[in-house]
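Here's the structure we're looking at; comments come further down.
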Amino acid sequence: MTRPVRVRFAPSPTGGLHIGGVRTALFNYLYAKKLGGKFILRIEDTDQTRFVKGAEEYIIETLKWCGIEPDEGVGYGGEYGPYRQSERKPMYRQYAEQLVEAGYAYYAFDTPEEIEAMRERLKAGGNPAPQYNWAVREYMKNSLTLPSDEVKARLAAGEPHVVRIKMPRKDEVKFHDLIRGWVSFQTAQVDDKVLLKADGMPTYHLAVVVDDYLMEITHAFRGEEWLPSAPVHILLYKYLGWEEKMPEFAHLPLILKPDGNGKLSKRDGDRLGFPVFSLDWHTADGTLQTGFRERGFLPQALINFLVLLGWNPGVAHEIFSLDEMIQLFDIARVHQAGAKFDFEKCKWFNHQYVQMQSASALADATVPVLAAKGVQVERAYLEHICSLVKERCTFMSDVWDNAFFFFEAPKEYDFDAVRPKWNDTKKTFFTSFVERAKTISTWDNASIEACFKGLAEEMGIKVGEVQMPMRIMLCGGKFGPPVFEIAATIGQKESIERIEKANSLF
RNA sequence: GCCGCGUUGGUCAAUCGGCUAAGACGCCUCCCUUUCACGGAGGAAUGACGGGUUCGACUCCCGUACGUGGUACCA
């Protein structure tokens with residue numbers, strides 16, 4: 001029964017998408033593309049209380065930015081819609097009722113207060129995490145304990161109720177996970193999960209199963225946090241008579257905090273100084289959670305970094321194009337253990353990708369920065385500078401910091417790097433150099449260097465002795481491309497002015 | 001607490017019983033450059049612990065420890 005591959009990424013629109021979600025989407029995408037299947041975006045907005053406006057658009061924009069766009073789903077259309085669970089609300093109830101009729105589920109009328117009371121009682125009795133399970137359901141208000149007339153009456157009266165799955169008292173659910181192999185659970189350990197909420201919305205458990213079935217999903221890849229509830233889903237497929245169409249499962253390892261203790265969470269970014277969100281996200285209270293995009297990351301770099309977090313391609317190199325990832329991707333090579341997020345390595349990937357960018361692309365990214373500084377330069381000049389400083393840029397936005405002295409004379413000097421060894425001879429050297437520099441007819445790298453070194457030799461000064469001061473004069477500090485390159489770039493007049501000014505200051 | 005999943009250098013990780021245990025990031029040294037960076041050459045640093053199984057265990061099994069996830073009318 002080989003069906004066409006259909007995988008889905010099914011996030012909840014509860015806020016910005018963090019990199020764990022991006023990676024889940026990525027693995028789904030790669031798998032689909034590898035097998036010539038479809039990648040579907042489904043929005044799981046069954047919890048009305050947690051719904052956040054704008055989150056859905058954010059998710060779509062993230063996928064677009066990352067270059068892993070869905071073939072089908074919210075924002076993309078398709079034959080299996082609607083793709084928003086809130087819009088599918090009327091579809092779920094019938095399945096819940098089918099389960100009740102078959103004896104696999106039941107109606108429960110307990111109020112939140114009653115359930116809370118039950119929990120308190122059991123906690124007092126020494127149970128740290130009471131569940132509504134096979135033992136407890138015996139004395140709660142549900143269609144298993146209430147007379148059938150009363151159940152009918154309550155239902156007819158429109159009394160609030162939920163539908164819960166009736167987990168077998170003693171059974172074992174075993175299933176094969178593409179990443180973890182055979183996994184089994186004792187049904188007695190899992191509670192009677194709510195399937196249909198009092199507001200008529202399904203919970204995740206009912207919704208995934210129904211939607212995956214209806215949308216003919218063949219492979220369900222999701223985070224490891226879902227592993228414990230997998231038996232509920234497996235049972236649901238069985239109870240609904242859909243076993244044949246059950247997707248293959250793979251539970252992805254979690255991305256953990258770099259400093260230990262738990263999975264990476266939304267707040268770690270601010271705490272540790274790196275982004276965890278794909279794009280900037282403004283929370284309801286107005287705080288900004290920085291995104292990788294705004295921080296200066298290239299999407300290919302982020303994707304490349306993420307794909308290697310929990311997956312190993314089995315080849316020697318680490319830089320992959322999306323196409324190459326698709327070629328190499330193999331769900332069986334996904335790790336079982338969680339991986340810590342390493343921002344240093346993430347930056348390294350970005351640096352690698354920045355190096356692949358053209359000077360023109362770097363220039364494009366720098367234009368707004370210059371505009372903000374009020375600096376105006378010719379395009380060709382900008383591009384030349386970009387090519388000169390590219391190798392020291394980790395982010396596309398790093399050009400200014402590495403090249404500001406090409407746009408304006410240094411405002412301050414690293415005197416400590418010059419003064420200790422400064423003397424009249426050097427001062428004289430620069431005075432003479434300025435005179436000679438004025439006579440250079442072709443102001444280029446080689447001519448300047450020849451002039452500079454020639455003078456040094458004549459005066460019996462080691463070139464190195466005056467090269468550093470020259471650098472400080474031109475850019476203010478111990479950084480930047482080769483000195484003569486700088487001089488050639490900023491021009492004869494500007495170079496001479498800077499040298500004269502600094503020479504009087506040292 | 002209970003249940004699940006995991007455990008190779010600081011981090012990401014290769015290895016599918018033969019290991020003198022790859023590679024990458026980071027770190028250190030040297031070369032290049034009398035700047036920074038890039039590049040090049042080296043270096044330090046790893047199998048949680050205890051039992052089996054086996055001629056042989058990092059690899060298989062069992063315990064323990066530790067980590068991590070779940071234990072909601074959240075996903």
Side-chain angles (χ1 to χ4, degrees), chain A residues 10-14 44-47 49-50 85 108 110-112 115-116 119 123 126-133 160-164 177 179-181 183-186 188-191 193-205 207-208 222-231 251 253-254 256-258 260-263 305 308-319 333 335-349 351-352 355 389-394 402 414 417 462-468 470-472 475 477-483 486:
Chain A
S12 288
T14 55
E44 311 225 328
D45 54 350
T46 55
D47 186 352
T49 65
R50 293 211 307 157
Q85 290 183 329
D110 317 277
T111 63
I115 290 175
E116 185 51 31
R119 290 221 164 85
K123 271 187 195 166
N127 182 343
Q131 296 182 312
Y132 198 118
N133 61 11
H161 63 279
V162 300
V163 174
R164 312 186 84 112
D177 183 286
I179 293 171
R180 288 151 215 283
V183 182
S184 69
F185 293 86
Q186 292 300 320
Q189 296 295 334
V190 355
D191 60 340
K193 289 270 178 261
V194 168
L195 264 20
L196 198 68
K197 301 188 257 190
D199 63 4
M201 277 287 195
T203 57
Y204 173 82
H205 307 293
V208 249
R222 64 219 319 187
E224 192 187 347
E225 67 269 28
W226 291 109
L227 196 50
S229 51
H251 291 88
L254 267 12
L256 308 171
K257 297 175 199 289
N261 300 126
K263 66 172 171 175
F305 168 70
L308 260 11
L309 222 49
W311 173 68
N312 186 283
V315 298
H317 61 294
E318 293 192 294
I319 303 292
R333 284 190 76 95
H335 261 239
Q336 303 176 212
K340 283 185 180 170
F341 176 82
D342 180 358
F343 191 52
E344 288 307 314
K345 181 111 189 203
C346 188
K347 283 197 292 193
W348 177 79
F349 273 105
H351 182 262
Q352 296 294 310
Q355 301 320 301
V389 302
K390 186 168 84 172
E391 66 197 28
R392 56 210 87 197
C393 292
T394 294
N402 287 305
D414 183 356
K462 279 200 272 181
V463 177
E465 293 284 308
V466 280
Q467 208 158 322
M468 178 57 82
M470 170 84 157
R471 168 177 299 284
I472 308 292
C475 42
K478 293 167 30 173
F479 41 69
V483 249
I486 298 172

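Only heavy atoms go into these numbers, but all of them, side chains included; no hydrogens, no water, no symmetry mates. Every chain is numbered from 1, with letters handed out A, B, ... down the list of sequences.
Contact annotation: A/K197 reaches the phosphate of B/C74 (side-chain N/O to OP1 or OP2, under 4.0 Å). Between A/S184 and B/G4 there is no side-chain polar atom (N or O) within less than 4.0 angstrom of OP1 or OP2. The side chain of A/R50 contributes no N or O atom lying less than 4.0 Å from OP1 or OP2 of B/A75. The phosphate of B/G69 has neither OP1 nor OP2 within less than 4.0 Å of any side-chain N or O from A/H251.
Comparing A/Q352 and A/A337, the nucleotide of RNA chain B nearest to each residue sits closer to the 5' end for A/A337. Closest-nucleotide positions on RNA chain B for A/R471 and A/Y132 were compared, and the one nearer the 5' end corresponds to A/R471.
RNA chain B contains the following stems of three or more consecutive Watson-Crick or G-U pairs, with both distances under 3.5 Å: B:1-7 with B:65-71, B:10-12 with B:23-25, B:27-31 with B:39-43, B:48-52 with B:60-64.
Atom NZ of A/K193 and atom C1' of B/A75 are 12 Å apart (whole Å). If you measure from atom CD of A/Q85 to atom P of B/C74, you get 13 Å, rounded to the nearest angstrom. Put simply, CG on A/L308 is 17 Å from P on B/U11, counting in whole angstrom units. Here the C1' atom of nucleotide B/G39 and the CD atom of A/E391 are 9 Å apart, to the nearest Å. The distance from atom CD of A/E465 to atom P of B/U33 is 17 Å, rounded to the nearest whole Å. As rounded to whole Å, 12 Å separates atom P of B/G69 from atom NZ of A/K340. Protein atom CE of A/M201 is 13 Å distant from nucleotide atom C1' of B/C73, rounded to whole Å. When the C1' atom of B/C5 is taken as reference, atom NE2 of A/H335 falls 15 Å away, rounded to whole Å.
Closest to the A/E225 side chain, of the nucleotides B/C12, B/A75, B/C73, is B/A75. For A/L254, whose side chain is taken as the heavy atoms from C-beta onward, the closest listed nucleotide among B/C12, B/U68, B/G4 is B/U68. Side-chain proximity of A/W348 to the nucleotides B/C73, B/A75, B/G26 is greatest for B/G26. Picking from B/C3, B/C5, B/G70 the nucleotide with the shortest atom distance to the side chain of A/V183 gives B/C5. Listed nucleotides: B/G1, B/C3, B/A75. Nearest to the side chain of A/A129: B/G1. Comparing B/U11, B/G4, B/A24 by their closest approach to the side chain of A/E318 singles out B/A24. Of the listed nucleotides (B/U34, B/A75, B/G10), B/U34 has the atom at the smallest distance from the side chain of A/Q467. Of the listed nucleotides (B/C74, B/U71, B/A13), B/U71 has the atom at the smallest distance from the side chain of A/Q131. Checking B/U11, B/A14, B/U35 against the side-chain heavy atoms of A/R333 singles out B/A14 as nearest. Side-chain atoms of A/Q189 lie closest to B/C3 of the nucleotides B/C3, B/C74, B/G69.
Comparing the P positions of B/U53 and B/C62 gives a spacing of 15 Å, expressed to the nearest Å. B/C55 and B/C25 are spaced 43 Å apart, taking the P atom of each and rounding to whole Å. B/A21 and B/U15 have their C1' atoms separated by 8 Å, given to the nearest Å. Straight-line distance between the P atoms of B/U20 and B/C58: roughly 10 Å, to the nearest whole Å. Nucleotides B/C32 and B/G40 have their C1' atoms positioned 8 Å apart, rounded to a whole Å. Look at the P atom in both B/A14 and B/C74: the space between them is 38 Å, to the nearest Å. Rounded to the nearest Å, the gap between the C1' atom of B/C60 and that of B/C27 is 36 Å. B/U68 sits 26 Å from B/G26 when the P atoms are compared, rounded to a whole Å.
At the heavy-atom level, A/G314 lies nowhere under 4.0 Å from the strands shown. Within 4.0 Å of A/D110, counting heavy atoms only, lies at least one base atom of the nucleic acid. At the heavy-atom level, A/Q186 lies nowhere under 4.0 Å from the strands shown. At a threshold of 4.0 angstrom between heavy atoms, the contacts of A/G126 with the nucleic acid are absent. Across all strands, A/P482 comes closer than 4.0 Å to base atoms (heavy-atom distances). Residue-level contact check: A/K462 touches the bases, meaning some heavy atom is under 4.0 Å from a base atom. Note on A/T46: only backbone sugar-phosphate atoms sit closer than 4.0 angstrom, heavy atoms only; bases stay farther off. Looking at heavy-atom distances under 4.0 Å, A/P160 makes no contact with the nucleic acid at all. Within the nucleic acid shown, A/Q336 comes within 4.0 Å of sugar-phosphate atoms alone, with no base atom in reach, counting heavy atoms only.
At a cut-off of 3.5 angstrom, counting only N and O atoms as typed in the model, there is a donor on one side and an acceptor on the other between the side-chain of A/K345 and the base of B/A24.
In this structure, A/Q131 and A/V190 approach most closely via the heavy-atom pair OE1-C, 4.4 Å. Smallest separation of non-hydrogen atoms from A/G310 and A/P253: CA-CG, 4.3 Å. The two atoms that bring A/A417 and A/K478 nearest to each other are CB-CD, 3.6 Å, heavy atoms only. A/P481 and A/V389 get closest at one heavy-atom pair: CG-CG1, 4.1 Å.
For A/K197 (side chain) and A/T46 (main-chain N/O), a donor-acceptor pair under 3.5 Å exists by modelled atom type. In this structure a side-chain-to-backbone donor-acceptor pair under 3.5 Å is present from A/D45 to A/Q85. Looking only at distances, a side-chain donor or acceptor of A/T203 sits under 3.5 Å from a matching main-chain atom of A/V194. One N or O on the side chain of A/K390 and one on the backbone of A/Q355 form a donor-acceptor pair closer than 3.5 Å.
With contacts defined as side-chain heavy-atom distances shorter than 4.5 Å, the pair A/L227/A/R180 qualifies.
Taking the centre of each ring, A/F341 and A/F305 come in below the 6.0 Å mark.
In this structure, A/Y204 and A/W226 have parallel ring planes: the angle between them is below the 30° cut-off, well short of the 60° mark.
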